[in-house]
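Data block below; observations after.
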Amino acid sequence: MRHFRQQIGDRVASILDLTSTDLADSMTDPPSQDLGDLSLPCFQLAKQLKKSPPEIATQLAQASWDLPWLQSVDTAGPYLNFKVNRSEFARLAVERVLQAGEGWGRGESGQGQTVIVEYSSPNIAKQLAVHHLRSTMLGQAMANLLRWAGHTVISWNHLGDWGTGFGKLLAAWEKYRSTDDLDSPPLEKREDPVSDLNALYVRFNQSCQEEEGLDSIAREWFRKLEAGDPLAVSRWKRIRAVSLHKFDSIYQRLGVSFDKTIGESHYEQGMEAVIAQLQDKGLLVESDGAEVVHVTDQMPPMLIRKQDGATLYGTRDLASAMERHKLYPFDRCLYVVDAGQGLHFKQVFGVLKLLGHEWASHLEHAEFGVMRLKVDGAWKKGKTRGGQVVLLEEVLNQAVQLATRKVQEKNPDLDSQQVEQISEAVGVGAVIFSDMKAARRKDVNFELEKILAFDGETGPYLQYTHVRFCSILRKAASQGLAAGDGRLLEEAEELVLLKRILRFPEVVARAARDAEPSHLSQYLLELASEFNTYYAQHRVLGDDASLSSDRLVLVDALKKTLGRGLQLLCIDPLERM
RNA sequence: GUCCCCGUAGCUCAGCUGGAUAGAGCAUCGGAUUCCUAAUCCGGAGGUCGCAGGUUCGAAUCCUGCCGGGGACGCCA
């Protein structure tokens, strides 16, 4: 749509003899279609030209407008309103989309820019819970959007595979061998090894409350791991491997993948070098036996090394950022992590800046609101520690199960393989969309009933709309109907749809810029809703063959837009459901 | 106490870098299916945009203060 606004902007600039203009961006849609299809408020110009807004509007309206896709230019007080020549506009719009082909919506706003997106980043030896959905899906959608906007993206999974917690796990492995020996059956052969590991961990933690000395045993195991003790390392590696294997199976269902999966353990060797740098710059300060860096007066100091000499995850984040920048000198690096870690990232970014790294300003905490679970009637942040987690996989399975029933009921002729494939896409899509519908900063209360509601503004609604497009295209193909050029698309609802379609590239660019997938979610809902309104009023394939051909091409453009949009959100666009 | 995020209809949320009468979905009430999938569509009812100032020709949108909710604030990640 910007393409068209730009033409108006250029013409206005030449009429008024202005050189630099950003008029294309200040144009809006009039509040009603009676007033026009596009509007330029003249207040800004009034300031520049020292004339009243209505005066300028009048002057512009009286000038000659030779854009072939414009019908008329009118004023409404300070507003300059344009009416589009529907036939010509439609022809040009359709042409634009179809020429772009599979690359429709692709932008060049990110050309030549490298972006790292860190997301998901689960801890190994723990199951993925529903709340992991947030970082995982938001991050994957951001990566997709940034790529589609032209950036070079490196998607990054910063695995939590290091820390004193693993000392506990290794201690538990040893302690409970008589009741649950992880070597028989071996971890790798078990049905759900991660769940077994998690159970062992929880059990150990509970014992810590009652039994004295378990903590020091756990610390000792972590020390062994750090020192490279063969048994500790081999068990840790096995734990890591089975965890990754499990994660991958879920990532695959969600359409999630990473260019880099690097655990915190990777940075362990680099810790001393980081600390040396901080020391050289005179930033490291002793405080209560620990070592800290004072970032600014606005925030508490960042803890670098504990009293016992061990480093913390923040120190590893410093090392990680520096290594990343060496490998891929990025223009942006997004951390898709919950808002609760705001201070932590401020400290990390601040320390990097103190170290003299210019690129510290390229680091962004793409924060999101927490997911709360209902615990004893109150909404609480879901935590693994106390048990009480809802497993992501179980939520997916429940959604798919419900979708299966629905698909079978609506479409009894499908064979079982089709039902399975469609249900998976609908169920998983519903879960994914429910997580990305609202702005990422909003906290979300986990309500299974709402996720499983397939009516209204939901993933299934979008997929259903896509299915309608496909049905029409299938039917047209079976009739051998050719695509038209769009010049007969003169209905008001058709203009609404064409304008909506043309905004797609702008929406992608904005969503990428703001790291805000919900911009796309909202856009797709509007597109679907406008189409369904149209669909209820007009027949696409009717008696008039040439009109049908033109409407067909509109449906094709809609399908390209919605289909691509769904893919960017990791939702599978379906042919039937 | 300090800092961060949020506060729009009964509930869940849109509202783009300020622009012409604040929009959806759910729930509720009433309608639509000979015809491209009714997982849909149409209509009714429902709002002092938390409150008070300020900036501006113009504020739900920007600034300040207050209130309410959530979160973070040193040896977990």
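Being a predicted model, the structure only gives us computed values, none of them experimental. The chains referred to below are lettered A, B, ... by the order of the sequence lines, with proteins before strands, and numbering in each begins at 1.
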Give one of base, sugar-phosphate or nothing for A:Gln463, where a contact means two heavy atoms less than 4.0 Å apart. nothing
P gap between B:C41 and B:G18, integer Å: 33 Å
Can you see if the side chain of A:Lys306 gets near the phosphate of B:C76 - specifically, an N or O under 4.0 Å from OP1 or OP2? yes
Reckon A:Val407 touches a base, only the sugar-phosphate, or nothing at all at heavy-atom distances under 4.0 Å? base
B:U40 C1' sits how many Å from A:Gln537 CD, rounded? 13 Å
Do A:Leu145 and A:Arg510 pass the side-chain contact (heavy atoms from CB on, under 4.5 Å) test, and can you show the C-alpha distance, the side-chain angles, and the key distance before you say yes or no? CA-CA 9 Å; A:Leu145 283 160; A:Arg510 194 164 64 91; over 6 Å; no
Pick base, sugar-phosphate or nothing for A:Phe454, based on heavy-atom distances below 4.0 Å to the nucleic acid. base
A:Cys42 or A:Ile472: which one's nearest nucleotide on RNA chain B is closer to the 5' end? A:Cys42
Let's go through A:Leu244 and A:Thr261 carefully: what are the C-alpha distance in whole Å and the side-chain angles of both, what is the deciding distance for side-chain contact (heavy atoms from CB on, under 4.5 Å) to 0.1 Å, and is it a yes or a no? CA-CA 9 Å; A:Leu244 278 174; A:Thr261 297; 4.0 Å; yes
Under 4.0 Å between a Lys/Arg side-chain N and an Asp/Glu carboxylate O for A:Glu530 and A:Arg500? yes
Nearest-Å distance once atom C1' is located in both B:U8 and B:G30: 27 Å
Side-chain ion pair, A:Glu226 and A:Arg223, N-O less than 4.0 Å: no
Between A:Arg2 and A:Asp25, does any NZ, NE, NH1 or NH2 come within less than 4.0 Å of an OD or OE carboxylate oxygen? yes
Using a 4.0 Å heavy-atom cut-off across all strands, classify A:Arg441 as base, sugar-phosphate, or nothing. sugar-phosphate
Taking only the side-chain heavy atoms of A:Tyr535 (C-beta and beyond), determine which of B:C73, B:A20, B:C36 contains the nearest atom. B:C36
Is there a donor and acceptor pair, one atom on the side chain of A:Ser32 and one on the base of B:A20, closer than 3.5 Å? no
Take A:Glu516 and A:Ser518, measure what side chain to side chain donor-acceptor pair (under 3.5 Å) needs, and give me the verdict at the end. CA-CA 5 Å; A:Glu516 186 57 274; A:Ser518 72; 3.1 Å; yes
From B:A20, B:C4, B:C76, nucleotide with atom closest to A:Leu312 side chain: B:C76
Between A:Phe345 and A:Tyr335, how do the two ring planes meet: parallel, tilted or perpendicular, split at 30° and 60°? tilted
Would you indicate, yes or no, if B:G58 has its OP1 or OP2 atom less than 4.0 angstrom from a side-chain nitrogen or oxygen of A:Tyr79? no
A:Asp29 atom CG is separated from B:U21 atom P, nearest whole Å, by 16 Å
How does RNA chain B look in dot-bracket notation if pairs are Watson-Crick or G-U with both distances under 3.5 Å, crossing ones as [ ], other-strand ones as |? (((((((..((((.....[...)))).(((((.......))))).....(((((..]....))))))))))))....
Select base, sugar-phosphate, or nothing to describe what A:Met299 touches, counting heavy atoms under 4.0 Å on all strands. nothing
Within the 4.0 Å heavy-atom criterion, would you say A:His158 contacts the bases, only the backbone, or no part of the nucleic acid? nothing
Given A:Ile56, which partner from the list A:Leu40, A:Val12, A:Leu45 fulfils the side-chain contact (heavy atoms from CB on, under 4.5 Å) test? A:Leu45
Salt bridge check: are A:Glu526 and A:Arg503 linked by an N-O gap of less than 4.0 Å? no
Please state how far atom CZ in A:Phe345 lies from atom C1' in B:C73, giving the value in whole angstrom units. 16 Å
B:A60 and B:G74: how far apart are their P atoms, nearest whole angstrom? 40 Å
Regarding A:Arg134 and A:Asp435, does a basic nitrogen lie under 4.0 Å from an acidic carboxylate oxygen? yes
Please lay out, stage by stage, how A:Asp338 and A:Ser135 fare under the test side chain to side chain donor-acceptor pair (under 3.5 Å). CA-CA 7 Å; A:Asp338 75 273; A:Ser135 174; over 6 Å; no
Report the distance from atom CG of A:Leu303 to atom P of B:C76, rounded to the nearest whole Å. 9 Å
A:Glu367, nearest nucleotide to its side chain (from B:U40, B:C5, B:A77): B:C5
Given B:C36, B:C57, B:A77, identify the nucleotide with an atom nearest to the side chain of A:Lys47. B:C57
Take atom P in B:A52 and the same atom in B:U48, then report the distance between them in whole Å. 13 Å
I'd like to know if A:Lys83 and A:Asp37 make a salt bridge, using a cut-off of under 4.0 Å between side-chain N and carboxylate O. no
A:Arg539 or A:Glu264, whichever maps to the more 5' nucleotide of RNA chain B: A:Arg539
With rounding to whole Å, what would you report as the distance between B:A45 and B:C4 at their P atoms? 43 Å
Do A:Asn81 side-chain and B:A20 base share a donor-acceptor contact under 3.5 Å? yes
Across the strands shown, which category fits A:Pro301 at heavy-atom distances under 4.0 angstrom: base, sugar-phosphate, nothing? nothing
Which part of the nucleic acid, if any, lies within reach of A:Pro300 when heavy atoms closer than 4.0 Å are counted: base, sugar-phosphate only, or nothing? sugar-phosphate
When we call it a touch if two heavy atoms are under 4.0 Å apart, what does A:Gln44 touch: a base, just sugar-phosphate, or nothing? base
Check whether any side-chain N or O of A:Arg503 sits under 4.0 Å from OP1 or OP2 of B:C16, and answer yes or no. no
Tell whether A:Ser287 reaches the base of B:G74 with its side chain through a donor-acceptor pair below 3.5 angstrom. yes
What's the closest nucleotide to the side chain of A:Ala290 if the choices are B:U17, B:A77, B:G74? B:G74
With a 4.0 Å cut-off on heavy atoms, is A:Asp308 in touch with a base, just the backbone sugar-phosphate, or nothing at all? nothing
Within the 4.0 Å heavy-atom criterion, would you say A:Arg316 contacts the bases, only the backbone, or no part of the nucleic acid? sugar-phosphate
Taking A:Arg440 first and then A:Glu367, would you say they form a salt bridge - that is, a charged N and a carboxylate O separated by under 4.0 Å? no
Using a heavy-atom cut-off of 4.0 Å across all strands, would you classify A:Thr533 as base, sugar-phosphate, or nothing? sugar-phosphate
Describe the nucleic acid contact of A:Arg576 in one word from base, sugar-phosphate, nothing, applying a heavy-atom distance below 4.0 Å. base
Stacked pair A:Phe43-B:G58, distance under 5.5 Å, angle under 30°: no
Return the polar atom pairs (N/O with N/O) between nucleotides 12-14 of chain B and the protein under 3.5 Å, or none.
| unit_1 | atom_1 | unit_2 | atom_2 | d |
| --- | --- | --- | --- | --- |
| B:U12 | O4' | A:Lys450 | NZ | 3.4 |
| B:A14 | OP1 | A:Ala439 | N | 2.6 |
| B:A14 | OP2 | A:Lys442 | NZ | 3.2 |

At less than 4.0 Å, is any side-chain N or O atom of A:Arg468 found next to OP1 or OP2 of B:A38? Yes or no. yes
In whole angstrom, give me the gap between the P atoms of B:A27 and B:U12. 15 Å
P-based separation of B:C29 from B:C35 [nearest Å]: 28 Å
Taking the side chain of A:Tyr313 as heavy atoms from C-beta outward, which of B:C35, B:G74, B:A77 is closest to it? B:A77
What distance, rounded to whole Å, do you find between the two C1' atoms, one in B:G1 and one in B:C62? 29 Å
Taking any heavy-atom pair under 4.0 Å as a contact, classify A:Asp514: base, sugar-phosphate, or nothing. nothing
